Amino acid sequence: MKILLVTKQVLDTRESLVYCPFALSSTLRRFEMMGELYVCSYKYEGKASQPVDTKTDLHEDHVAFLDNESNLKTRYFSRQHNQQTIETFVKKVDLVIGYVPATVGDLALTIAHRHHKPYMSFLVACIWDGMWHHRSWKAKLMAPVFFFETRKTVLYSDYVWYVTEEFLQRRYPTHGVSLGCTDTNIDVLSDDILQNRLSKIDRMGKKVKLLTVGHLDVGFKGQQFVIKAMSEMIRNGMDVEYYLIGDGHGDYLKKLAERTCMNERVFFLGRKTRKEVLAYMDETDIYIQPSLQEGLPRSVAEAMSRAMPVVVSQTGGMPEMVEPAFITRRKNVKDIVAVLSSFDRQTMKEQARRNFRKASDYQPYMIDSKLKTFFKEIENTL
């Protein structure tokens, strides 16, 4: 079977080899379980949320690059190249898969239906949350349009792979056959990871190091709410530092840290490789994801696989991952202060053990088993 993935994620070609960010590599590998894979994607142009350094099994002839639909002009008035590029590959394949939410994913559905090719939505996040909570007023203005376009795409898909168990299913229902299963890709779990975490908690002094992984400039990753909470935590007697990993300049967050006199306690680490991210997770104490938009984030699963205590906002599929006592309301600084202040050594150990056990649900062999069953069901209906 021949499959086409249309995605806004980036690939790069170097000396006839194809490279991608590590997070995308697991997605490509999983779709390759279905058969011969073709990909239409954006081309890496020096900007990506993660390093584009992972070699794939894709042949260069199986990759075509799309124009980045980053504004209204390219989205509505200059789409001829993208339409022709996607259509060329659609004619060759048996199944079209669209990364959603993405305007090129919506476009792929239209072209697939025109050529009577079955279509799968690979739904990874809620576009409404991302657009409405973006710092740009233009994004807020377009939120309803993109939301209804995504709902239409998912509703009329023949198949849908949701990365959550419940959240995205409720907001974006479908008439098609669906699966709820994350696309995370954590390492094989070792008991040494948990023991090292428990020993680290025993050795802790007063200082608590928080960590968030996420783009610094979009606003909906929510790091600003943690920075705002730090002053009150310090007044409550906590010696807290905040480490931020992610692409972007972070100008707003840096100014906020200065304005709240937290600039000597907030550390901007920039873009890191996956190996470096895991190392920072092992060096810090509590992982916090205060996002306003998520599906089921890889970074939270990674933190749990390193036996980190984890705090998340009530966003997307994250409440499916974490115990209720460690979930905060979105944008709620008081909740962040209260939850982080509730940690003592005993609570941290309990959460380290609990999250490490929960991370076993996200091991590759568990996910691949579910996907093989789903993919077999699709193959039998084509």
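These figures come from a predicted structure and were not determined experimentally. Residue numbers count from 1 along this sequence.
- How far CE of M281 is from OH of Y287: 5.5 Å, rounded to the nearest 0.5 Å.
- Summarising the geometry, atom CD belonging to E32 is positioned 9.0 Å from atom CZ belonging to R29; distances are rounded to the nearest 0.5 Å.
- More than 12 heavy atoms of other residues, nucleotides or ligands shown are found within 6.0 angstrom of CZ on F268.
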Report the C-alpha separation of V39 and H62 in whole Å, then their side-chain angles, then the decisive distance to 0.1 Å, and conclude whether the side-chain contact (heavy atoms from CB on, under 4.5 Å) test is met. CA-CA 6 Å; V39 180; H62 284 206; over 6 Å; no

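- The closest donor-acceptor contact from the side chain of R197 to the backbone of R306 lies under 3.5 Å.
- A donor and an acceptor atom, one from each side chain of Y242 and T212, are located under 3.5 Å apart.
- Judged by distance alone, the side chain of T7 and the main-chain N or O of S41 form no donor-acceptor pair under 3.5 Å.
- If you look at F31 and W161, their ring centroids are closer than 6.0 Å.
- Counting heavy atoms of neighbouring residues, nucleotides and ligands inside a 6.0 Å radius, atom CG of D187 exceeds 12 of them.
- Contact of the E69 side chain with the Y42 side chain is registered, since non-hydrogen atoms from C-beta on lie closer than 4.5 Å.
- When hydrophobic clusters are built by joining Ile, Leu, Val, Met, Phe, Trp and Tyr residues whose side-chain heavy atoms come closer than 4.5 Å, directly or via intermediates, Y252 is not grouped with W137.
- A salt bridge is defined here as a Lys NZ or Arg NE, NH1 or NH2 lying under 4.0 Å from an Asp or Glu carboxylate O, and K200 with D285 meets this definition.
- Defined by atom type and a distance below 3.5 Å, a donor-acceptor pair is present between the side-chain atoms of Q289 and S299.
- Under the 3.5 Å distance criterion, the side-chain polar atoms of T85 are left unmatched by any main-chain donor or acceptor of N82.
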Step by step, would you call Y119 with T153 a side-chain contact (heavy atoms from CB on, under 4.5 Å)? CA-CA 10 Å; Y119 180 88; T153 295; 3.9 Å; yes

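- Counting heavy-atom neighbours within 6.0 Å of K140 NZ, excluding the residue itself, gives a total above 12.
- D344 contributes a side-chain N or O that, together with a main-chain N or O of Q346, makes up a donor-acceptor pair within less than 3.5 Å.
- Judged by distance alone, with hydrogens and angles left aside, the side-chain atoms of K117 form a donor-acceptor pair with the main-chain N or O of V90 at under 3.5 Å.
- Without hydrogens or angle criteria, Q169 side chain to E165 main chain gives a donor-acceptor distance under 3.5 Å.
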For a salt bridge (Lys or Arg N to Asp or Glu O under 4.0 Å) check, start with the C-alpha distance between K254 and E258, then their side-chain angles and the critical distance, and finish with the verdict. CA-CA 6 Å; K254 290 174 182 176; E258 289 184 12; over 6 Å; no

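- Following chains of ILVMFWY side-chain contacts shorter than 4.5 Å, one cannot reach L141 starting from L292, and the two form parts of different hydrophobic clusters.
- For an aromatic pair to be called close, the ring centres must be under 6.0 Å apart, and F65 with Y44 fails this.
- No donor-acceptor pair under 3.5 Å is formed between the side chain of D247 and the backbone N or O of R271.
- At a cut-off of 3.5 Å, with distance as the only test, no side-chain donor of T315 or E294 sits close to an acceptor on the other residue.
- Between R354 and E350, no side-chain nitrogen of the basic residue sits less than 4.0 Å from a carboxylate oxygen of the acidic one, so the salt-bridge criterion is not met.
- Taking 4.0 Å as the cut-off between side-chain N and carboxylate O, E302 and R274 count as a salt-bridged pair.
- A salt bridge is absent between K2 and D94: the closest approach of a Lys/Arg side-chain nitrogen to an acidic carboxylate oxygen does not fall below 4.0 angstrom.
- Atom-to-atom distance recorded for K55:NZ and S25:OG is 13.0 Å, nearest 0.5 angstrom.
- Judged purely by distance below 3.5 Å, without hydrogens or angles, the side chains of S121 and Y162 never pair a donor atom with an acceptor atom.
- For the pair D67 and R79, the salt-bridge criterion is not met [side-chain N within less than 4.0 Å of a carboxylate O].
- We find the CG-NE2 distance between D129 and H134 to be 13.5 Å, quoted to the nearest 0.5 Å.
- Checked by atom type and distance alone, the side chain of Q223 pairs as donor or acceptor with a backbone atom of H215 at under 3.5 Å.
- Annotation: the span from R265 atom CZ to L210 atom CG amounts to 11.0 Å, rounded to 0.5 Å.
- For the pair D12 (side chain) and Y19 (backbone), a donor-acceptor distance under 3.5 Å is absent.
- Side-chain contact between F147 and R171 is present, with at least one heavy-atom pair separated by less than 4.5 Å.
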Before giving the answer on side chain to side chain donor-acceptor pair (under 3.5 Å), spell out for S26 and R298 the whole-Å C-alpha distance, their side-chain angles and the decisive distance to 0.1 Å. CA-CA 11 Å; S26 63; R298 295 170 182 269; 3.3 Å; yes

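- More than 12 heavy atoms of other residues, nucleotides or ligands sit less than 6.0 Å from atom CZ of R14.
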Derivation and outcome, side-chain contact (heavy atoms from CB on, under 4.5 Å), residues M230 and V337: CA-CA 8 Å; M230 290 176 68; V337 173; over 6 Å; no

Tell me, with the steps shown, if F167 and E320 meet side-chain contact (heavy atoms from CB on, under 4.5 Å). CA-CA 9 Å; F167 170 73; E320 300 171 14; 4.1 Å; yes

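- A donor-acceptor distance shorter than 3.5 angstrom exists from the side chain of D335 to the backbone of R329, with no hydrogens or angles considered.
- Both L382 and V93 belong to a common hydrophobic cluster when Ile, Leu, Val, Met, Phe, Trp and Tyr are linked at side-chain heavy-atom distances under 4.5 angstrom.
- Taking a cutoff of 4.0 Å between a charged side-chain nitrogen and a carboxylate oxygen, D368 and K370 do not qualify as a salt bridge.
- More than 12 heavy atoms of other shown residues, nucleotides or ligands fall within 6.0 angstrom of atom CG in N380.
- By the criterion of side-chain heavy atoms lying less than 4.5 angstrom apart, applied directly or through intervening Ile, Leu, Val, Met, Phe, Trp or Tyr residues, Y156 is not grouped with L95; the two fall into different hydrophobic clusters.
- The existence of a salt bridge linking K207 and E241 is confirmed by a sub-4.0 Å separation between a basic side-chain nitrogen and an acidic carboxylate oxygen.
- The pair R345-D202 does not count as a salt bridge, with every side-chain nitrogen at least 4.0 angstrom from each carboxylate oxygen.
- When the shell of 6.0 Å around CH2 of W132 is examined, it contains 12 or fewer heavy atoms from other residues, nucleotides or ligands.
- Residues V277 and L269 are members of one and the same hydrophobic cluster, defined by side-chain heavy-atom contacts under 4.5 angstrom among Ile, Leu, Val, Met, Phe, Trp and Tyr.
- A distance of 3.5 Å separates CD1 of I378 from CE of M120, quoted to the nearest 0.5 Å.
- Around the NE2 atom of H115, the shell of radius 6.0 Å holds more than 12 heavy atoms that belong to other residues, nucleotides or ligands.
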